[in-house]
Amino acid sequence: MGEDPRQRLKLRRIINAAGTMTIFGASAAVPEAVRAASEILPLFVEIDDLQRHASGAIAAATGAEAGYVTASSSAAITLAIAATMTGSDLERIARLPNATGMRDGVVIQRGHLIDYGAPIEQAIRLAGARVSPVGGTKRAEPSQPEGMLDDTIAAALYVVSHHTEQSGQIPLDDFVRICARRKVPVIVDAASEYDLRGFIAAGADIAIYSAHKFLGGLTAGIVAGRKDLVRAAYLQNGGIGRGMKVGKEGIAGAIAALEAWAKRDHAAHRRQEEARIALWMRELVDIPGLRAELSPDPTMNPITRVRLQVDPAIAAITAWNLADALVEGERPIMVRDDEVAHGYFELDPCNLSGSEAEEVAAGIIRERRRAGIERRPASSFAEWSAKRLATRLAWPDRN
Ligand SMILES: *Cc1c(COP(=O)(O)O)cnc(C)c1O
């Protein structure tokens with residue numbers, strides 16, 4: 001390890017109890033990926049050959065016929081959809097996002113229209129495609145997509161994520177069967193999933209993974225799937241994919257991360273995370289106004305988090321003000337606060353090291369105690385989110 005650059009760059013040394021979040025730098029890249037990236041950066045290579053090698057590594061890891069690496073999972077969604085619209089027709093590829101004369105519909109369940117930092121619906125439209133939502137937010141029937149799969153439909157997108165509506169969605173197996181009957185390719189967005197083989201095995205034509213989340217590669221997206229579609233997606237680099245391309249370091253990093261993933265002692269990793277969870281459950285009982293409970297990952301990823309319910313009447317602080325208090329001070333603690341309006345946040349063990357889990361528990365106990373003593377006025381959720389929005393809109397200034 002070289003020196004920590006954060007001081008020089010005036011960056012705070014955050015503790016990431018939020019999980020694999022892009023805004024906090026996604027994940028700690030694994031040493032294998034860091035080495036592969038730094039070794040290749042000063043060299044010239046034939047990118048087609050490097051991507052050909054990546055294709056083999058992705059095929060080995062996923063069971064797919066082929067694969068390639070692009071800038072991000074979001075880019076992978078746009079480019080996989082473009083592939084289903086253009087095939088390998090170079091004239092069409094150059095013409096996108098003008099989709100005149102092409103199939104341009106993308107069927108997606110309404111409960112899958114998520115926002116992962118940006119709306120997925122926009123990643124679809126970026127290709128020049130049209131979003132064809134099916135079902136209600138909380139209920140979709142297999143007969144609904146079936147009726148829509150006519151010859152204007154280029155692809156069907158299936159999202160596996162904790163962001164999706166979890167109830168009332170069509171199971172992947174059924175979705176694949178319906179689409180296969182109409183010969184509509186199914187693209188699975190599995191950006192944040194551990195299971196590298198299951199979606200291809202279930203019949204997905206393309207599965208998309210993030211290289212920079214659990215895999216610990218550099219920032220990149222992985223497209224795995226049917227060879228003709230992967231080729232057509234790769235060819236978009238001569239079209240709309242130009243601005244979404246990945247460099248040699250990202251490709252080499254993704255290959256190394258996939259190889260490291262295959263060798264990793266996943267059980268030992270899991271035990272380490274379970275120990276952090278046990279510590280939180282132990283330390284955070286009996287804190288007035290806080291209730292800690294286990295929160296298993298909704299998509300079957302092997303992660304458990306701790307959900308901390310905050311009762312402001314007893315804790316003397318709201319969930320959102322507590323999350324804010326944790327971010328102040330010498331070692332800011334980032335928690336998963338996307339559902340803080342419901343009165344809780346979550347602690348994620350996967351990106352912690354050393355004694356950080358203890359520091360998280362100590363920080364929560366300290367800030368709760370301080371709230372009890374100082375009795376600062378609470379802000380309403382509306383005030384809190386207005387302030388957060390104002391901060392966002394002020395960048396690069398600080399408000
Ligand atoms: C993170 C995520 C994305 C976006 O991934 P990037 O690689 O950051 O573009 C897309 N879909 C899902 C389900 C995600 O979790």
Side-chain angles (χ1 to χ4, degrees), residues 16 18-29 33 54 58 62 67-82 106 108-127 129 131 155-166 169 172 175 186-196 198-199 202 204 206-225 233 236 240-241 243-247 249-251 253-254 257-258 261 297-303 305 334 336-339 346 348 350-351:
N16 180 9
T20 47
M21 309 290 277
T22 297
I23 53 163
F24 301 134
S27 62
I58 294 166
T62 63
Y68 87 108
V69 185
T70 184
S72 66
S73 314
S74 199
I77 294 168
T78 303
L79 299 175
I81 286 166
V106 175
I108 179 169
Q109 297 177 80
R110 270 207 175 72
H112 286 191
L113 286 171
I114 61 170
D115 188 311
Y116 43 71
I120 196 167
E121 169 277 302
Q122 188 178 37
I124 299 171
R125 286 190 292 107
L126 260 178
V131 181
L157 181 58
Y158 193 98
V159 182
V160 182
S161 165
H162 68 275
H163 291 299
T164 66
E165 186 57 52
Q166 297 298 321
Q169 306 303 307
L172 179 61
F175 196 83
V186 174
I187 299 165
V188 174
D189 173 8
S192 203
E193 301 310 299
Y194 278 61
D195 180 359
L196 295 181
F199 307 109
I206 288 200
I208 289 164
Y209 294 97
S210 166
H212 54 267
K213 290 183 177 171
F214 302 120
L215 287 171
L218 277 67
T219 304
I222 293 171
V223 177
Q236 307 296 324
I240 61 168
M244 306 182 196
K245 69 181 177 299
V246 66
E249 69 285 2
I251 308 168
L258 284 169
W261 185 255
D297 190 81
T299 64
M300 314 282 280
N301 282 324
I303 336 171
R305 304 185 178 94
M334 305 333 208
R336 284 173 94 82
D337 64 2
D338 48 336
E339 298 197 11
E346 293 197 338
D348 186 306
C350 78
N351 280 326

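Order of listing sets the numbers, starting from 1, for every ligand and every atom in it.
- Considering backbone and side-chain atoms together, Ser74 places an N or O closer than 3.5 Å to an N or O of ligand 1.
- The aromatic rings of His112 and Tyr158 sit perpendicular to each other, their planes meeting at more than 60°, with 30° as the lower class boundary.
- Aromatic pair Tyr194/Trp261: ring centres closer than 6.0 Å.
- Against a heavy-atom cut-off of under 4.0 Å, Ser192 is close to the following atoms of ligand 1: 15 (O).
- Using 4.0 Å as the threshold, His212 has a heavy atom nearer than that to some atom of ligand 1.
- Taking every heavy atom of Lys213 and a limit of under 4.0 angstrom, the matching atoms of ligand 1 come to 1 (C), 2 (C), 3 (C), 5 (O), 14 (C), 15 (O).
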side-chain contact (heavy atoms from CB on, under 4.5 Å) between Ile58 and Leu258, worked out: CA-CA 7 Å; Ile58 294 166; Leu258 284 169; 3.7 Å; yes
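- With a 4.0 Å heavy-atom cut-off, ligand 1 is reached by no atom of His163.
- Nearest protein heavy-atom contact of atom 4 (C) of ligand 1 is Tyr116 CD1, 3.6 Å.
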Worked check of side-chain contact (heavy atoms from CB on, under 4.5 Å) between Ser161 and Ser192: CA-CA 7 Å; Ser161 165; Ser192 203; 5.7 Å; no
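- With Val160 as reference, Thr299 is the one residue of Thr299, Ile208, Asn301 to meet the side chain to side chain contact (heavy atoms under 4.5 Å, CB included) rule.
- Near Ser161, with a cut-off below 4.0 Å to any heavy atom, the atoms of ligand 1 are 13 (C).
- Between Thr164 and His162, the closest side-chain pair of non-hydrogen atoms is not below 4.5 Å.
- By heavy-atom distance, the residue among Thr78, Ile208, Asp189 lying nearest atom 13 (C) of ligand 1 is Asp189.
- A side chain to side chain contact (heavy atoms under 4.5 Å, CB included) with Thr70 holds for exactly one of Ile77, Thr78, Leu79; it is Leu79.
- Looking at Ser73 against ligand 1, both its backbone and its side chain come within 4.0 Å, counting heavy atoms.
- Near Thr22, the atoms of ligand 1 lying under 4.0 angstrom from a non-hydrogen atom of the residue are 8 (O).
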